[in-house]
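Down below is the structure, laid out as structure tokens.
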Amino acid sequence: MSEDDFAWEIFFKENPKPVHFEENVALIHEFCQHSAIKKQRVALITSGGTTVPLEQNTVRFIDNFSAGTRGSASAEYFLEAGYQVIFLHRSKSLEPYFRHLSGKNIFDMIEIQPSSVTVDQQHQVELRKLAEKYQLYKCNLLMVSFNSLSDYLWLLQATAQEMHILGPLALLYLAAAVSDFYIPASQMPCHKIQSSSGPLSLSLPLVPKMLAPLVKIWAPNAFIVSFKLETNEKLLETKSKESLQKYHHHVVIGNLLHSRKVYVLLVDRISIHPEEIRLSACELEEGIEIESKIVENLKARHDQYYANHKTG
Ligand code: PAZ
């Protein structure tokens, strides 16, 4: 065993739990227990970017590009496919159903009457459709939010451990854009870094790889899907394969920053060649989202996995 094998344990010893951690874990616990009794499938979807604070009283932080598009869209498709969904997302990033209203001004959609407020004619159909779907699925959806990398990892660990009871009914879909670098709490200044001290140089240690304990210890019977983001097309397949070989989970979905909404490749343990999902120009025009195809594909794989693993 190398030092790296214990790095994740040191991370949790050195970085404090997020606020409201116990309350969130209690909700997750209840959600998983309830689903396990009913033998319902549960998908944990992680979504959005993690922040890396530079100060304990955080004024400044490092962030990344992710808006949570992939995660929030996928959550809707998993709900429609019959899953209970735990949506572990970056606070204020896109959320299932509400994402369709992003960039729209609610005040431009309403009419004020003398004694009531109604939706204007132009938005009736769109809002009714969204509201109906939301009403239909909201009981099957548990929303839990995070901001920083450390909050995310604490909640990921706790959720995966709570999902243990579900065995092969659990599916983990790790779409969040998680920082590879961070500043340990012990090395973070307490107060705002002063510019009067001169230019700022930063050395950020690597975040321990949490997929290893996730697969081996926290949720050993779950069906686990991770994402691999690259910007260099030549690296995509190799990096995705390397990740699968290293962590021994079930599927790695490779995507490129600029084509992620139209193209992904899926690497698994069985096929020699990765499976590709690519949206045609026609499908794009029709408003088809690549997440609908990703979820359909994963549902079929999870069906197979469940059939092979269920204990009775
Ligand atoms: O949130 P979004 O839809 O803009 O982006 C999704 C994504 C590219 C963050 C996701 O598909 C992904 O690749 N997540 C894993 C990133 C990584 O840590 O490699």
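Just so you know, ligand 1 is whichever comes first in the structure, and atom 1 is the first atom listed for that ligand. Note that the numbering runs from 1 along the sequence shown for the chain. Source: prediction; values computed, not measured.
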- prompt: Do you know which two heavy atoms are closest between Leu244 and Val251, and how far apart they sit?
  reply: CD1-N, 4.0 Å
Side chain to side chain, Thr46 and Thr159, heavy atoms closer than 4.5 Å: no
- prompt: Which protein non-hydrogen atom lies closest to atom 18 (O) of ligand 1, naming both residue and atom, and how far is it?
  reply: Val178 N, 4.0 Å
query: Who's the nearest protein heavy-atom neighbour of atom 16 (C) of ligand 1, and how far?
result: Leu229 CB, 3.7 Å
task: Quick one: look up the protein heavy atom nearest atom 1 (O) of ligand 1 and list residue, atom name and how far away it is.
output: Ser66 OG, 2.6 Å
message: Give me the nearest non-hydrogen protein atom to atom 12 (C) of ligand 1 as residue plus atom name, then the distance to 0.1 Å.
response: Phe227 CB, 3.5 Å
- prompt: Under 4.0 Å from ligand 1, counting heavy atoms only, is it the side chain of Arg70, its backbone, both or neither?
  reply: both
field: atom 14 (N) of ligand 1 [closest protein heavy-atom partner, distance rounded to 0.1 Å]
entry: Ala175 O, 3.1 Å
query: Can you tell me if Ser226 has a non-hydrogen atom under 4.0 Å from ligand 1?
result: no
query: Between Arg70 and Phe227, is NZ or CZ placed under 6.0 angstrom from the six-membered ring centre and within 45° of the ring axis?
result: no
- request: With heavy atoms only and a cut-off of under 4.0 Å, state how Ser93 meets ligand 1: side chain, backbone, both or neither.
  value: neither
query: For atom 13 (O) of ligand 1, what is the nearest protein heavy atom, given as residue, atom name and distance?
result: Asn255 ND2, 3.0 Å
- request: Distance to 0.1 Å, residue and atom name: give those for the protein heavy atom nearest to atom 4 (O) of ligand 1.
  value: Arg260 NH2, 2.8 Å
- prompt: Looking at Tyr152, Phe61, Phe11, which one forms a ring pair (Phe, Tyr, Trp, His ring centres under 6.0 Å) with Tyr182?
  reply: Phe11
